[in-house]
Amino acid sequence: MPTHNPDIAQALDDVADLLELQNANPFRVRAYRNASRVIRGLGTEVSVMLQRGDDLAELPGIGDDLAEKIATLAKSGHLPLLDRLRKDIPAVATELLKLPGLGPKRVRVLCEELDLHNVEQLHRALLDGRVRALPSFGAASETKLLHAVEARSKAPARLKLALAEGYVEPLLDWLRGAAGIDQLIVAGSYRRCRETVGDIDILATAPKGEPVVARFTAYEEVGRVMAAGSTRATVALKSGLQVDLRVVLPESYGAALHYFTGSKAHNIAIRRIGQKRGLKINEYGVFRGQKRIAGRTEKEVYGAVDLPYIEPELRENRGEIEAAAAGTLPHLIELADLRGDLHAHTNATDGHETLAEMAEAARALGLEYLAITDHSRHLAMTHGLDPRRLMRQGEAIDRINAEKSGITLLKGIEVDILEDGALDLPDEVLGHLDFVTGAVHSQFGLSRAKQTERILRALEHPHFTVLAHPTGRLIEEREPYDVDMPRIIRAAKERGCFLELNAHPDRLDLTDIHCRLAKEEGVLLSIGTDSHRAQDLANLRFGVAQARRGWLEKNDVLNTRSLKALRPLLARTMR
DNA sequence: GCCGTTTTCGGCCCGACTGTTTTCAGTCG
């Protein structure tokens, strides 16, 4: 059975960890990490690429050796090198590597000197004072490690972007009170709008760093100061969220923002380009010898290596640098491009507001249209609609539309895709709607083959328009169900259907990678909020952020169309 | 392990902070 890309990427990462513990050449370690990132970012399964005869060694950073290892992994799920490393290196070493403050060198010292087999044994050794006696360890290391070991089980997972906002805004307000502070911005994965963030990176400009660092560490939500120097500091908030602060002079703002926004892989690639041109790029600027030639803005930094500005959401070293050099960067979609929302619920099922209230909220946001897509009867726990209630809802929509209040409601349904791929309402009922979005809400555990067939059959239905939350995942809570997404994307293209990019911050389903694949295949995406309350309509911005990470432009998104242009697109499948 | 407009060998991004091995290695981002 072929192995899927995330598993291949994980195996490569495991090799990198273990090689690191063996004190291998750091550049060899990097090659494995880089390969892992590249495989994770592929839209196509490696097994499919192999079947059609693609040469993996043409992928960036992957040479003949890694190509062969990746092919072995794809075909067999195993890698002899990995098996060998696992035999030679105790499993506890990999676990210790994850503790903050421990790198490969000190993990080796611990394992060899203390004969550790699990983290509990380290805990006891710390309490007995045996660790502080080891070379390269001392009293301070003991304290930090004790904290790390005891906190490891309750360490917060990565935080969803929307939740991170709640911590960031008050902290920024507090920092604005620091003496001499000028610019203040959040960089890192937060600025790149990744769906989750591991920590928060804040950049400030000021003539002197010390007062800003002092203000930062004095914030009332700070639980622990992990490091504090004259220009940077790291704290853990009481919630466990880690926050890094960096302070630079105003003339370095652009260089520092670029450096601090990442991703690391993007930065390394940019610096290498600079290096080839005899430039040194660091967080203070772009330098030729001692002379600073750029750095006040990010645009200057890119300009120094003859590239146009690259939007933060693209900075993952997944081809954006090559596209920038070739002048083919996408013109990314913006929130203002959206004209409507094609996924919303009302209190007829599990929403909280009436039709009229949802219509008014959408109008207030400046939307031209809103599709009402309540659940169908199979989803009994939501009081899903049967044909009679759906028809009554349609009449109510007609009455609201007749008022011509500036918003048009579309008659839709989020119809359940049943286990065999049939839809939960009769054809003649679906045929009376403006729009049918279908979704899987049950039997998440079907095999990949069955789940894929189920959805493909639903797409074949003559009234099917949009596949809602295509993988069913809940970020950090529920894995996506196992489906062959490239196949579904191709089927949507053949059938004239659309896929949803569900904008709910718990879902963001599709992923950036699948968005990009859909774009390449020519399938339009519908950014839908799946609103269950009026306030959820504002989640459109999270969908747009994800769309931008997926390289989507205005024309790649269905609901950037005016109502007039939208209707024929929806009608195309309503035959 | 990868890669090539100085190179098929010899490089590989760059700097801050910490603790401890009193001059810098380890770790992190």
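Only this structure's heavy atoms are used, side chains among them; waters, hydrogens and symmetry mates stay out. Order of the sequence lines sets the chain letters (A, B, ...), proteins ahead of strands, with each chain counted from 1.
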(message) Categorize A:Ala228 for me: base, sugar-phosphate, or nothing, with a 4.0 angstrom heavy-atom threshold over every strand shown.
(response) sugar-phosphate
(request) For B:dT21 versus B:dG26, give the span between their P atoms, rounded off to a whole number of Å. (result) 12 Å
(request) Answer with base, sugar-phosphate or nothing: what part of the nucleic acid does A:Lys280 contact at a heavy-atom distance below 4.0 Å? (result) sugar-phosphate
(request) Indicate, with a heavy-atom threshold strictly under 4.0 Å, whether A:Glu142 touches base, sugar-phosphate, or nothing. (result) nothing
(message) Mind checking if A:Pro100 touches a base, just sugar-phosphate, or nothing, with heavy atoms under 4.0 Å?
(response) sugar-phosphate
(message) For B:dG26, give the paired nucleotide (Watson-Crick: N1-N3 plus N6-O4 or O6-N4; G-U: N1-O2 and O6-N3; both under 3.5 Å), or none.
(response) B:dC17
(request) Quick one: label A:Tyr284 by what it contacts on the DNA or RNA (base, sugar-phosphate, nothing), any heavy atom closer than 4.0 Å. (result) sugar-phosphate
(message) Test side-chain contact (heavy atoms from CB on, under 4.5 Å) on A:Phe542 and A:Glu195; report intermediate values, then the result.
(response) CA-CA 9 Å; A:Phe542 293 111; A:Glu195 53 202 31; over 6 Å; no
(request) Tell me what A:Thr234 touches on the nucleic acid: a base, only sugar-phosphate, or nothing, going by heavy atoms under 4.0 Å. (result) nothing
(message) Run the side chain to side chain donor-acceptor pair (under 3.5 Å) test against A:Gln183 and tell me which residues pass, sequence neighbours left out.
(response) none
(request) For nucleotides B:dT7 and B:dC2, find the distance between their C1' atoms and express it as a whole number of Å. (result) 14 Å
(message) Heavy atoms only, 4.0 Å cut-off, all strands: where does A:Ala269 land among base, sugar-phosphate and nothing?
(response) nothing
(request) Could you tell me how the ring of A:Trp174 sits relative to the ring of A:Tyr219: parallel (under 30°), tilted (30 to 60°) or perpendicular (over 60°)? (result) tilted
(message) Quick check for you: name the first and last nucleotides of DNA chain B, 5' to 3', having an atom under 4.0 Å from a heavy atom of chain A.
(response) B:dG1 to B:dG29
(request) Could you tell me whether A:Ile268 contacts a base, only the sugar-phosphate backbone, or nothing, with contacts defined as non-hydrogen atoms closer than 4.0 Å? (result) base
(message) When you measure from the side chain of A:Arg37 to the backbone of A:Glu316, do you find a donor-acceptor pair of N or O atoms at a distance under 3.5 Å?
(response) yes
(message) Tell me whether A:Arg473 contacts the main-chain N or O of A:Leu508 through its side chain, where contact means a donor paired with an acceptor under 3.5 Å.
(response) yes
(message) Regarding A:Lys264, tell me which of base, sugar-phosphate or nothing describes its non-hydrogen contacts under 4.0 Å with the strands shown.
(response) base
(request) Considering only atom C1', compute the distance from B:dG11 to B:dT6 and round it to an integer number of Å. (result) 12 Å
(message) Would you measure the distance from the C1' atom in B:dC3 across to the matching atom in B:dT8 and give it in whole Å?
(response) 9 Å
(message) If you assign each of A:Leu59 and A:Ser141 to its closest nucleotide in DNA chain B, which residue comes earlier from the 5' end?
(response) A:Leu59
(message) If I pick the C1' atom on B:dA16 and the same atom on B:dC9, what distance separates them, to the nearest angstrom?
(response) 33 Å
(message) I'd like to know if the side chain of A:Lys238 reaches the main chain of A:Glu220, judged simply by a donor and an acceptor atom lying under 3.5 Å from each other, with no hydrogens or angles considered.
(response) yes
(request) Remember a base hit wins even if backbone is also touched, and classify A:Leu245 as base, sugar-phosphate or nothing at under 4.0 Å, heavy atoms. (result) nothing
(request) Could you check A:Asp64 against A:Gly103 and say which one's nearest nucleotide on DNA chain B is further toward the 5' end? (result) A:Asp64
(request) Using a 4.0 Å heavy-atom cut-off across all strands, classify A:Arg246 as base, sugar-phosphate, or nothing. (result) sugar-phosphate
(request) Validate the cation-pi geometry between A:Arg192 and A:Phe260: distance from NZ or CZ to the six-membered ring centre under 6.0 Å, angle to the ring axis within 45°. (result) no
(message) Between A:Glu521 (side chain only) and A:Arg490 (backbone N and O only), is there a donor and an acceptor less than 3.5 Å apart?
(response) no
(request) Would you classify A:Asn25 as touching base, sugar-phosphate or nothing, given that sugar-phosphate means primed atoms plus P, OP1 and OP2, and contacts are heavy atoms under 4.0 Å? (result) base
(request) Just call it for A:Ile270: base, sugar-phosphate, or nothing, with non-hydrogen atoms closer than 4.0 Å on any strand. (result) nothing
(request) Please state the P separation for the pair B:dC12 and B:dT18 - nearest whole angstrom. (result) 28 Å
(message) Please evaluate residues A:Val248 and A:Tyr284 with respect to the criterion side-chain contact (heavy atoms from CB on, under 4.5 Å), reporting the C-alpha separation (whole Å), side-chain torsions for both, the decisive distance (0.1 Å), and the verdict.
(response) CA-CA 7 Å; A:Val248 299; A:Tyr284 301 110; 4.3 Å; yes
(request) Sticking with atom P, work out how far B:dC13 lies from B:dT22, rounded to a whole angstrom. (result) 31 Å
(message) Give me the distance, rounded to whole Å, that separates B:dT5 from B:dG1 when you measure between the P atoms they each carry.
(response) 23 Å
